[in-house]
Amino acid sequence: AAGPAALPASDAGASLADLRGRAAGVPLQLIHLVPTLKPRPAEDVVTMREHFIWLRTHEMAARLMSCGPVEPDAPLAPGIWGGGMGVAAVSRETAQAMAAAEPSGLMGYRTLRVEPWRMDYGLAAPIARALTTLDGLMPVA
């Protein structure tokens with residue numbers, strides 16, 4: 001079966017019907033890492049290391065597509081961790097389990113919340129589709 005007609009490099013002039021025909025509709029989860037007012041004491045050298053282990057473990061398991069910092073509106077007080085945003089190619093339940101196990105959240109330096117999101121367009125959409133398919137085949141660790 002033939003797919004939708006190819007669109008020009010710029011979709012600025014594409015009709016809504018053309019865009020809907022190309023939509024990938026990949027269900028993803030946004031994981032918001034929101035700073036709290038609890039400062040991380042200087043003697044806590046473990047939480048950051050454990051956060052990066054959490055991050056890399058989920059990236060290597062093809063569950064976490066991206067996770068990065070979110071710039072604050074104003075400078076943060078000493079010891080306050082900044083915010084972040086993760087994009088997870090997993091079910092909502094898996095994303096909630098991931099968020100519940102994130103070390104900075106467990107220590108109270110951040111609160112984590114999961115929000116469903118759909119990725120329809122762009123280069124990352126086919127990658128996200130492949131990762132969500134892979135996640136459906138792999139047991140949750």
Spacing of [atom1] belonging to [X] relative to [atom2] belonging to [Y], to within rounding of 0.5 Å:
X: Ser91; Y: Leu28; atom1: OG; atom2: CG; value: 11.5 Å
X: Leu64; Y: Met98; atom1: CG; atom2: CE; value: 5.0 Å
X: Gln29; Y: Glu115; atom1: CD; atom2: CD; value: 9.5 Å
X: Arg40; Y: Met48; atom1: CZ; atom2: CE; value: 5.0 Å
X: His51; Y: Leu106; atom1: NE2; atom2: CG; value: 12.0 Å
X: Ile31; Y: Arg63; atom1: CD1; atom2: CZ; value: 11.0 Å

Inset, instruction - Walk me through it: do Trp117 and Val87 pass the test side chain to side chain contact (heavy atoms under 4.5 Å, CB included)? - result: CA-CA 9 Å; Trp117 184 54; Val87 179; 4.1 Å; yes
Inset, instruction - Could you check if a side-chain atom of Arg110 sits within less than 4.5 angstrom of a side-chain atom of Glu102, using non-hydrogen atoms only? - result: yes
Should [X] and [Y] be regarded as members of a common hydrophobic cluster, given that ILVMFWY residues are connected when their side-chain heavy atoms come within less than 4.5 Å of each other, either directly or indirectly?
X: Leu76; Y: Met85; answer: no
X: Trp54; Y: Phe52; answer: yes
X: Leu112; Y: Ile80; answer: no
X: Trp81; Y: Met107; answer: yes

Of the non-hydrogen atoms in [X] and [Y], which two are nearest, and what is the gap between them?
X: Gly82; Y: Pro35; answer: C-CG, 3.9 Å
X: Gly108; Y: Lys38; answer: O-CB, 3.5 Å
X: Pro39; Y: Pro78; answer: CB-O, 3.9 Å

Legend entry - Flag, side chain of Thr36 to backbone of Tyr109, donor-acceptor distance under 3.5 Å: yes
